[in-house]
Amino acid sequence: MNQTDNTDDDSTPRDFIRDIVHEDLNAGRTASVVTRFPPEPNGYLHIGHAKSICLNFGIADEFGGKCHLRFDDTNPTKEEQEYIDAIQEDVRWLGFDWGENLHYTSDYFEQLYSWAEHLINQSMAYVDDLSADEIREHRGTLTEPGKNSPYRDRTPEENLALFQQMRAGEFENGAKVLRAKIDMASGNINLRDPVIYRILHAEHPRTGNEWCVYPNYDFAHGQSDALEHITHSICTLEFEDHRPLYDWLIENLPVPSEPHQYEFARLNLTYTVLSKRRLMQLVNDGHVAGWDDPRMPTISGYRRRGYPPAAIRDFASRIGVSKSNATVEVQSLEACVREDLNKNAERRMAVLKPLKVVIENYPENQVEEFDAKNNPNDENSGTRKISFSRELYIEQDDFMEDAPKKFFRLSLGREVRFRYAYFITCTDVIKDDAGEVVELRCTYDPETKGGNAPDGRKVKGTIHWASAAHAVDAEIRQYDYLFSEEVPGANSDGDFLADINANSLTVLSECKLEPALRELPLGETVQFERIGYFCADKESSSDKLVFNQTIGLRDTWAKKKS
RNA sequence: UGGGGCGUAGCCAAGUGGCCUAAGGCACCGGCUUUUGAUGCCGGCAUUCGGAGGUUCGAAUCCUCCCGCCCCAGCCA
């Protein structure tokens, strides 16, 4: 990839951040680009993170630079190894590689501590004995300036000693904090002597009990960037207010490089909730089966659901990067999934809601095999054999007794094509005592083998089917949006749980699948013709096949009906 | 009433004074093709850029004022 000029290539995305990178490279402000994706390991990655991952790794790729994966693990009360592992798996699955550059903010704790001492020595930081409540009271409000802490003017010597005692574990949580000494009257609240170190007697997933003082985000992030020689530190809009503090620390500390922070708008998706707090609540309160529940907007949820990683990357590039608060319609993501799968997924036949069909003029014990294309849109995808016999299943929705003219499927007296097999005519409808259609008697036209009539006659509809003797049973789980409102909680004062869609999961238990589906490997998504895309679930076993519906095919017929 | 941002079609989003009577994608609406009512293909979809003034031969792009929305008062990130 050309390092200095990606602007001529229409296929690479353009946005204000890439423009800045491009200019910086051209102007020689940096020789190469180093970005980083800095998750806090306190939850699973979601589609919003994917946007950031694609941005950071994407820029590194396009400009011939590097992108680090850095765990921002400065708060041991919330972080866990489980998340560290899951995050790496998810980033890798998305298709990105951080190479040697796996870092942890906790690797820099010693350096960060000594930089805190440096600040103290410069009279730019002090130990404050005020309680959290008192600090808040002194901070002032959005419109009124704050008041100096009575401990603000301790000498460097005193502060140093106190800070060392903090580190030595001589104080309880909350007894003291280290604050940067900046300006209690600043209009930017982040500059009103921000807390930069707090006492936390907690076990850290990586450093164990080595520390009981931890730097907070502001004191850790920029310096970590500097230590890793990050050139462009990209974060979301809510950190814009922190940039002056970020810059202040970089200026006042003897850091080895001078990174710059740039902010973009985080992703919002309709019918979706995208905050770790809310996702965590869905998991902990049992509204979903876990972080990887196929209804979750997490990377692991999408993976289990059967979304291809390339579709997520495509989505990230289509929505672009800007600074305007945007809520993208989920349909846009779904379009990417359909586009990828339509191109790449092999086709199979499966009947979700079976209706028995008996071909009365078809020999009792005869079985024929037909060639079915694995992907009609891809000539190189080959074919497979499918078995046809006297007793079959079709989709309940593909039969209608009193069918309107526009109904192209099976009806009493009407002829349709059974995909890849024969033209079939329905001759009789069998109902149970309740009047429900339970079986169809049909005839086939032997002349139409393969699906074409030598006399040139046409049928309007082609439907899919499964041979009763050959099909395998499976459970299929279909998913709808987890929320019934575009913006969950918008109409109920933020109570997003009030908008949970009670019908987000439908379990179909008597599905009839083409036998080859028994061997479908985990992680591969196929199309069930005329229905949608499906993949085997991790709970699937040879005893009981379980499939997830990734997404349905577009259905203009269903749209017309309603 | 402090500070920081943002406002281009239903939803994203290009555009940074003249080739803009404004890209592209999603959605939507037509038509054609089709052994998936899928896909594909073709066409339609902002005389207008939050509003009002102004500068200019010329403005979505510059200036002024106004309006609307988002973020910030964690010892979270």
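The shown structure was predicted, so the numbers you read here are calculated from the model rather than taken from an experiment. Residue numbering restarts at 1 for every chain, and letters A, B, ... go by the order of the sequence lines.
- Screening residues 162-191 of chain A for ring pair (Phe, Tyr, Trp, His ring centres under 6.0 Å) gives A:Y113-A:F163, A:F163-A:Y197 as the qualifying pairs, with residues at least two apart or on separate chains.
- Per the geometry, CD belonging to A:E379 stands 14 Å off C1' belonging to B:rU34, to the nearest Å.
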With Watson-Crick and G-U wobble geometry limited to distances under 3.5 Å, how should the secondary structure of RNA chain B be encoded in dot-bracket form, using | for bases paired to another strand and [ ] for crossing pairs?
-> .(((((((.[[[..)..(.....]]].(((((.......))))).....[[[[[..)....]]]]])))))).....
Per-nucleotide protein contact string for nucleotides 11-17 of chain B, where B marks a base within reach and S marks sugar-phosphate only (heavy atoms under 4.0 Å, - for neither) = SSSS---
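- Across the interface with RNA chain B, nearest-nucleotide mapping of A:S332 and A:E240 shows A:E240 to be the residue nearer the 5′ end.
- B:rU21 and B:rC28 are spaced 24 Å apart, taking the C1' atom of each and rounding to whole Å.
- By the salt bridge (charged side-chain N to carboxylate O under 4.0 Å, His left out) test, A:D72 is found to be paired with no residue, residues two or more places apart in sequence or in another chain being considered.
- The separation of B:rG7 from B:rA13, taken at their C1' atoms, amounts to 13 Å, rounded to a whole angstrom.
- Here B:rG5 presents its C1' atom at 9 Å from CD of A:E263, a figure rounded to the nearest Å.
- Contact detail for A:R198 and A:N216: the closest heavy-atom pair is NH1-CA, 3.4 Å.
- In this structure A:D128 satisfies the salt bridge (charged side-chain N to carboxylate O under 4.0 Å, His left out) test together with A:R179, sequence neighbours excluded.
- Rounded to a whole angstrom, the distance from the P atom of B:rC69 to that of B:rC11 is 16 Å.
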Do nucleotides 72-77 of chain B as a string where each nucleotide becomes B, S or -: B if the base has a protein heavy atom under 4.0 Å, S if just the sugar-phosphate does, - if no protein is that close.
-> BBSBSB
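- Here A:Y246 and A:F239 keep their ring centres 6.0 angstrom or further from each other.
- The side-chain hydrogen bond (donor to acceptor under 3.5 Å, both in side chains) search around A:E379 returns none, not counting sequence neighbours.
- Donor-acceptor pairing under 3.5 Å is lacking for the side chains of A:E329 and A:S332.
- Residues A:D193 and A:R152 are paired through a salt bridge, judged by an N-O separation under 4.0 Å between the basic side chain and the carboxylate.
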Sort me out a list of protein N/O and nucleotides 31-33 of chain B N/O pairs below 3.5 Å, or just none if empty.
none

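- A:E240 has a carboxylate O that lies under 4.0 Å from a charged side-chain N of A:K323, or vice versa, which qualifies the two as a salt bridge.
- Nucleotides B:rU39 and B:rA9, compared at atom P, are 27 Å apart to the nearest Å.
- With respect to A:R243 and A:E263, a salt bridge is recorded, a charged nitrogen being found less than 4.0 Å from a carboxylate O.
- A search for salt bridge (charged side-chain N to carboxylate O under 4.0 Å, His left out) contacts involving A:R278 returns nothing, not counting sequence neighbours.
- Nucleotide B:rG68 is shown with an anti base, its glycosidic torsion being more than 90° from 0.
- B:rG4 and B:rA73 have their C1' atoms separated by 14 Å, given to the nearest Å.
- For B:rC26 and B:rG18, the C1' atoms lie 32 Å apart once the distance is rounded to whole Å.
- Classified by interplanar angle (parallel below 30°, tilted 30° to 60°, perpendicular above 60°), the ring pair A:F388/A:F418 is perpendicular.
- Between A:D129 and A:K176, at least one side-chain nitrogen of the basic residue sits less than 4.0 Å from a carboxylate oxygen of the acidic one, meeting the salt-bridge criterion.
- Rounded to whole Å, the distance from CZ on A:F264 to C1' on B:rC6 is 16 Å.
- Atom name C1', nucleotides B:rU56 and B:rU64: the rounded distance is 16 Å, in whole Å.
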Identify each donor-acceptor pair in which a side-chain atom of residues 183-190 of chain A lies under 3.5 Å from a protein atom, sequence neighbours left out, and give them as a table.
from, atom 1, to, atom 2, distance (Å)
A:D183, OD1, A:A185, N, 2.8
A:S186, OG, A:N188, N, 2.9
A:S186, OG, A:N188, O, 3.1
A:N188, OD1, A:N190, N, 2.9
A:N188, OD1, A:N190, ND2, 3.2
A:N188, ND2, A:D241, O, 2.8
A:N190, ND2, A:D241, O, 3.1

Under 4.0 Å protein heavy-atom contact, by nucleotide of nucleotides 36-46 of chain B - B base, S sugar-phosphate only | BBBS-------
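- Electrostatic pairing of A:D397 and A:R409 does not count as a salt bridge here, judged by no charged N lying under 4.0 Å from a carboxylate O.
- Taking the six-membered ring where the residue is Trp, A:Y214 and A:F109 present perpendicular rings, their angle passing 60° and hence far from 30°.
- Scored by the salt bridge (charged side-chain N to carboxylate O under 4.0 Å, His left out) test, A:E79 finds no partners at all (sequence neighbours excluded).
- Atom name C1', nucleotides B:rG2 and B:rC20: the rounded distance is 40 Å, in whole Å.
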